[in-house]
Amino acid sequence: MSLPHPPATVTVFAGASSWIESDAVAQCHQVAALDGMRHVAAMPDLHPGKGAPIGAAMASSVLYPFLVGSDIGCGIAVFPIRVKRPDPQRLAARFPDLDAPLDPAPASDLVGEDIPGGYVESLGTVGRGNHFVELARVDAVLDESHAERLGLAAGDLVLVVHSGSRGFGERILRGHTEVHGAGPAPDAAAYLARHDDAVRWGSVNRRLLAARVADALGAPVGEPIVDQCHNLVEIRDGEFLHRKGAAPGDGRDVLIAGTRGTHSYLVAAHAGPDANFSVAHGAGRKMSRADALRRGKAKHTVEELRRTPLGSVVVCGDRQLLFEEAPTAYKRIEQVIADLVDHELATPVATTAPLVTYKVADSAPPRRR
DNA sequence: ATGTAC
């Protein structure tokens, strides 16, 4: 007979004017019912995921690998970069193919360290889904002194890299689920050892992606000023804090991604225990990929999605992905940020405006399906 | 979000 324990609490950090899909809230309550779960904090970019919600931080005495998912170590990094003539059309044509493997894989030279887990497949590649590499310009500076501490001023250019651990994290999750399904990790330390490698791998991958792009643009690139992982397990106060699409918000600076065609927000995060020390990671989908594809095809042309209202260029040789990732498939980033501010989870520091967003090489052959 | 299967 198991000991009775109080049911887990669920808190959604979104205002009444923010629409949150009921399926996603239902997923939060399913997670709350899991053995050992204590508190689920849902961020304003919450949306339904495969089995578990995306945009949530979940604190439990039991470690559940499926709550983090396969893209362990996924995160967003921001690198200062200097580009001489930042013309979007000209630069878009110079982006390298970030699906192609590193050639000849001088990865450890580029990042000055060994490759975590020894997994070299897919190293330096961006992946699909919501991943991207974006050349952006610092637009509005909303907290002058904080921006200055980060070395940022209006007009500066940055590379924003959103990517994760590719097939490495997928392999780690599969190793667990093949035996235990959605059940807990019986040996948390063993899972965490592999997980930690994937988290490091993701960060190395983001640096490699920045280096590849900077090299192709002939531009000097610096160390990341921000690099926060939004899919991971953290041991905190003797519990397992699972973050899935929820960035660490305890005194960290975080880039919260808008969409391919809207601004992103660099924020100073100061989330407390109610929010499981977390903030949002992006605008959050408001449409499923299937809906976005169907409705997008009726509403948009390829040309308007490739040249956005902000004047930026979207490099995306995969037409389906272009529609799935259309800005209209996402919530308004301004509302997500307003919810974080209203709940005192974050303070905006600066906005960035995209110049070139790279998703998939234009020369890429269409994906078979 | 992913590699792989259909």
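Quick note on labels: first sequence line is chain A, next is B, and so on, each numbered from 1.
Note that Arg260(A) lies in the cation-pi zone of Phe132(A), set by a 6.0 Å cut-off to the ring centre and a 45° limit from the axis.
At dT2(B), one or more side-chain N or O atoms of His131(A) fall inside 4.0 Å of OP1 or OP2 (strictly under the cut-off). The phosphate of dG3(B) (OP1 or OP2) has a side-chain N or O of Ser122(A) nearer than 4.0 angstrom. OP1 and OP2 of dG3(B) both lie 4.0 Å or more from every side-chain N or O belonging to Arg128(A).
Hydrophobic cluster membership is shared by Val254(A) and Val341(A), with clusters built from Ile, Leu, Val, Met, Phe, Trp and Tyr side chains linked at under 4.5 angstrom.
Atom CG of Asn231(A) is separated from atom C1' of dT2(B) by 13 Å (rounded to the nearest Å). Rounded to whole angstrom, the span from the CG atom of Leu67(A) across to the P atom of dA1(B) amounts to 16 Å. Distance, Arg171(A) CZ to dG3(B) P: 10 Å, rounded to whole Å. Atom-to-atom, NE2 of His176(A) to C1' of dT2(B) comes out at 18 Å; the value is rounded to the nearest Å. The CD-P distance, from Glu324(A) to dT2(B), rounds to 13 Å in whole Å. Look at CG on Asp99(A): it is 10 Å from P on dT2(B), rounded to the nearest Å. For the pair Tyr119(A) OH and dT2(B) C1', the interatomic distance rounds to 10 Å; values are reported in whole Å. Distance Lys244(A) NZ to dT2(B) P: 10 Å, rounded to the nearest Å.
Every side-chain hydrogen bond (donor to acceptor under 3.5 Å, both in side chains) that Glu239(A) has, sequence neighbours left out, goes to Arg38(A).
Under the 3.5 Å distance criterion, with hydrogens and angles disregarded, no donor-acceptor pair is assigned to the side chains of His270(A) and Asp250(A).
Contact check of residues 70-78 of chain A against DNA chain B (heavy atom, cut-off under 4.0 Å) returns Ser70(A), Asp71(A).
The aromatic rings of His162(A) and His131(A) sit tilted, their planes meeting at an angle between 30° and 60°.
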Ring pair (Phe, Tyr, Trp, His ring centres under 6.0 Å) assessment of His195(A) paired with His176(A)
CA-CA 11 Å; His195(A) 157 283; His176(A) 173 83; over 10 Å; no

Identify each donor-acceptor pair in which a side-chain atom of residues 45-67 of chain A lies under 3.5 Å from a protein atom, sequence neighbours left out, and give them as a table.
unit_1: Asp45(A); atom_1: OD2; unit_2: His281(A); atom_2: N; d: 3.0
unit_1: Asp45(A); atom_1: OD2; unit_2: His281(A); atom_2: ND1; d: 2.6
unit_1: Asp45(A); atom_1: OD2; unit_2: Gly282(A); atom_2: N; d: 3.1
unit_1: His47(A); atom_1: ND1; unit_2: Asp45(A); atom_2: O; d: 2.9
unit_1: Ser60(A); atom_1: OG; unit_2: Gly36(A); atom_2: O; d: 3.4
unit_1: Ser60(A); atom_1: OG; unit_2: Val62(A); atom_2: N; d: 2.9
unit_1: Ser60(A); atom_1: OG; unit_2: Val62(A); atom_2: O; d: 2.8
unit_1: Ser61(A); atom_1: OG; unit_2: Gly36(A); atom_2: O; d: 3.4
unit_1: Tyr64(A); atom_1: OH; unit_2: Asp35(A); atom_2: N; d: 3.3
unit_1: Tyr64(A); atom_1: OH; unit_2: Asp35(A); atom_2: O; d: 2.5

